[in-house]
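Here is the naming used below: chain letters follow the sequence lines, and residue numbers restart at 1 for every chain.
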There are 2 protein chains.
Amino acid sequence: MQQSASIPIRDISFKQLKAACSTCTLQELCLPVGMSLEELAQLERLVNQGVKVKKGEALYRAGEPFKSLYAIRTGFFKTVVLSEDGREQVTGFHMSGELMGLDAISTENHTCHAIALEDSEICEMPYQRLEDLCRAIPALQRHLYKVMSREIVRDHGVMMLLGNMKAEERLAAFLLNLSQRFAARGYSASGFHLRMTREEIGSFLGLKLETVSRTLSRFQDEGLITVQNKYIELKNLTGLKTMLSGCAGNQA
Amino acid sequence: MQQSASIPIRDISFKQLKAACSTCTLQELCLPVGMSLEELAQLERLVNQGVKVKKGEALYRAGEPFKSLYAIRTGFFKTVVLSEDGREQVTGFHMSGELMGLDAISTENHTCHAIALEDSEICEMPYQRLEDLCRAIPALQRHLYKVMSREIVRDHGVMMLLGNMKAEERLAAFLLNLSQRFAARGYSASGFHLRMTREEIGSFLGLKLETVSRTLSRFQDEGLITVQNKYIELKNLTGLKTMLSGCAGNQA
DNA sequence: CGAACCCTTGAGTCGGTTCAAAGCAGGTGG
DNA sequence: CCACCTGCTTTGAACCGACTCAAGGGTTCG
């Protein structure tokens with residue numbers, strides 16, 4: 001869905017244009033930050049924008065050879081690492097504009113599963129070519145380093161959460177983090193639909209699903225939130241914030 | 001070592017020679033992997049090799065502006081993130097050849113403290129110049145991406161540890177990981193000196209210091225290890241390994 | 001030699017897990 | 001369009017692993 005190096009931008013068909021980085025509303029959240037139009041065009045040329053992943057399906061699985069990084073256009077994913085004896089740990093939930101697959105760069109193989117939690121559409125970026133392009137476009141190189149660094153910072157936040165916080169605090173931090181990320185995408189910060197099950201939340205937060213359920217119920221009793229199945233409304237943001245009276249913050 | 005493009009080798013003083021990347025025994029663990037002699041010389045030119053950090057001192061602190069990445073030449077560090085209400089979480093222990101400061105790339109400020117656990121010597125690499133050099137040296141660019149990716153994988157291992165494992169398993173995984181990393185540096189895999197306190201181990205593993213102490217004592221009673229204050233000897237590697245019957249593995 | 005810090009061990013407590021049962025929601029096929 | 005079925009969620013009761021509190025001994029370093 002993109003053109004060769006010799007064909008000018010305007011030859012892009014409407015459908016392609018719609019999907020292209022230069023018109024993508026996620027530009028500021030995704031990879032092409034601070035790039036010129038000319039540079040954007042170069043990036044577009046290597047992006048495969050059409051990949052669809054149905055709910056429940058894997059974008060990639062641990063052990064598969066690493067070929068590409070993936071940016072989420074629409075949809076919602078979880079990433080899961082597995083221990084040898086079969087235990088699963090959800091390492092993150094990922095929404096539009098976020099990059100997945102960074103962990104695979106080190107080993108040339110994916111180290112986790114990326115599972116769609118709803119029907120999703122993703123942009124595939126062949127890593128080899130992306131790396132080459134980074135050398136040509138300093139802004140791209142810099143931004144990819146930043147994105148990876150941000151993932152490291154996020155992971156440290158999760159460690160703080162798992163290592164230091166009580167169940168209540170973990171849930172509060174989790175809800176506030178989701179809220180903030182939805183808001184950054186133009187959705188409501190106070191009401192949203194959870195795409196994941198209680199068990200997946202629990203796996204991410206180091207809790208059992210029953211504890212997640214109980215804690216949400218308690219939050220509701222306390223008037224902090226309302227819960228209707230998977231729809232959550234945050235009723236008292238400051239209450240939630242004081243609940244986790246201090247924690248690094250970004251965790252998912 | 002080698003020369004800048006224009007200055008011949010022999011102009012470099014002995015002291016500089018001693019510390020240079022091209023003669024460094026940590027080459028294969030550190031940043032200059034797969035680089036030519038010519039490229040090594042370029043890297044050396046930007047590295048400030050003399051930085052000493054005394055036990056207990058900070059190489060950098062959370063909030064400080066980000067200027068450089070740091071490679072450990074000799075010594076041992078912990079990195080610590082802080083929550084707003086003052087809780088501390090040790091996010092890792094770092095030994096020779098490892099890079100620190102990657103988390104700061106995203107925000108232009110350090111997000112954690114790096115504290116020396118013994119007198120240490122580090123190589124400072126101004127990030128701006130390093131980034132520029134990455135564009136000129138593909139092997140360097142690629143390796144820096146890999147190092148960051150490896151840090152992400154490591155963090156996911158810690159999440160598995162904190163989210164899924166029992167105290168015994170965490171300790172076993174911790175000891176085995178240290179063992180492996182000492183071995184990779186030519187030290188004994190079965191006997192080593194812990195540089196950190198029980199409390200720091202506990203902070204890293206999401207346990208209280210009493211639990212760390214008790215669990216080490218139990219391991220000793222079971223003949224898995226011997227403990228003499230901070231000196232640990234692993235007596236039964238397979239026993240330790242079966243203890244954590246499966247977990248992603250690399251965590252610190 | 002003293003002071004500060006670190007480590008060990010014990011006893012009691014508690015937050016979160018485990019086990020169990022019942023209610024609900026959403027999707028599928030008849 | 002309804003009935004069923006599967007998977008998800010809620011809630012209760014009992015249990016247990018790790019934490020808290022406390023005391024004593026050891027180590028290190030000035």
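- Per the geometry, CD1 belonging to A:Ile201 stands 16 Å off P belonging to C:dG16, to the nearest Å.
- Separating the CZ atom of B:Arg195 from the C1' atom of D:dT27 is a distance of 18 Å, rounded to the nearest angstrom.
- Spacing between atom NZ of B:Lys55 and atom C1' of D:dG30 amounts to 13 Å, rounded to whole angstrom units.
- One finds no side-chain N or O of A:Thr197 lying less than 4.0 angstrom from the OP1 or OP2 phosphate oxygen of D:dG7.
- Side-chain atoms of A:Asp103 and A:Thr111 form a donor-acceptor pair, as typed in the model, at a separation below 3.5 Å.
- Residue B:Ser213 is in base contact, counting any heavy-atom pair closer than 4.0 Å across all strands shown.
- If you take CD on B:Glu88 and OG on B:Ser203, they are separated by 7.0 Å, rounding to the nearest 0.5 Å.
- Look at CD on A:Gln228: it is 17 Å from C1' on C:dG23, rounded to the nearest Å.
- Considering every non-hydrogen atom in both A:Arg198 and A:Asn229, the closest pair reads NH2-O, 2.9 Å.
- For residues 223-239 of chain B, the pairs satisfying salt bridge (Lys or Arg N to Asp or Glu O under 4.0 Å) are B:Glu233-B:Lys235, with sequence neighbours left out.
- D:dT9 atom C1' lies 13 Å from atom CD of A:Gln220, rounded to whole Å.
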TODO: Take nucleotides 18-23 of chain D nucleotide by nucleotide from the 5' end and write B, S or -, depending on whether a protein heavy atom sits under 4.0 Å from the base, only from the sugar-phosphate, or from neither.
DONE: SSBB--
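- Ring geometry for B:Tyr60 versus B:His110: interplanar angle under 30°, hence parallel rather than tilted (30 to 60°).
- Regarding A:Asn164, its CG atom lies at a distance of 13 Å from the P atom of C:dG16, rounded to whole Å.
- Using a cut-off of 4.0 Å between Lys/Arg side-chain N and Asp/Glu carboxylate O, B:Lys55 and B:Glu118 are scored as not salt-bridged.
- A straight line from CZ of B:Arg170 to P of D:dG17 spans 14 Å, rounded to a whole angstrom.
- The shortest distance between the side-chain N/O atoms of A:Arg198 and the OP1/OP2 oxygens of D:dC8 is not below 4.0 Å.
- Taking five base pairs at each end of the helix from C:dC1-D:dG30 to C:dG30-D:dC1 and finding the rotation axis that steps the C1' atoms of four pairs onto the next four gives two axes whose angle is 50°, to the nearest 10°.
- Here the OG1-CZ distance, from A:Thr91 to A:Phe204, works out to 8.0 Å after rounding to the nearest 0.5 Å.
- Note that OG of B:Ser149 and CZ of B:Arg154 are 13.0 Å apart. Values are rounded to the nearest 0.5 Å.
- The nucleotide whose nearest atom lies closest to any side-chain atom of A:Asn229 is, among C:dT8, C:dG26, D:dT10, C:dG26.
- Side-chain atoms of A:Thr226 and A:Gln220 form no donor-acceptor pair, as typed in the model, at a separation below 3.5 Å.
- Rounded to whole Å, the distance from OH on B:Tyr231 to C1' on D:dT27 is 18 Å.
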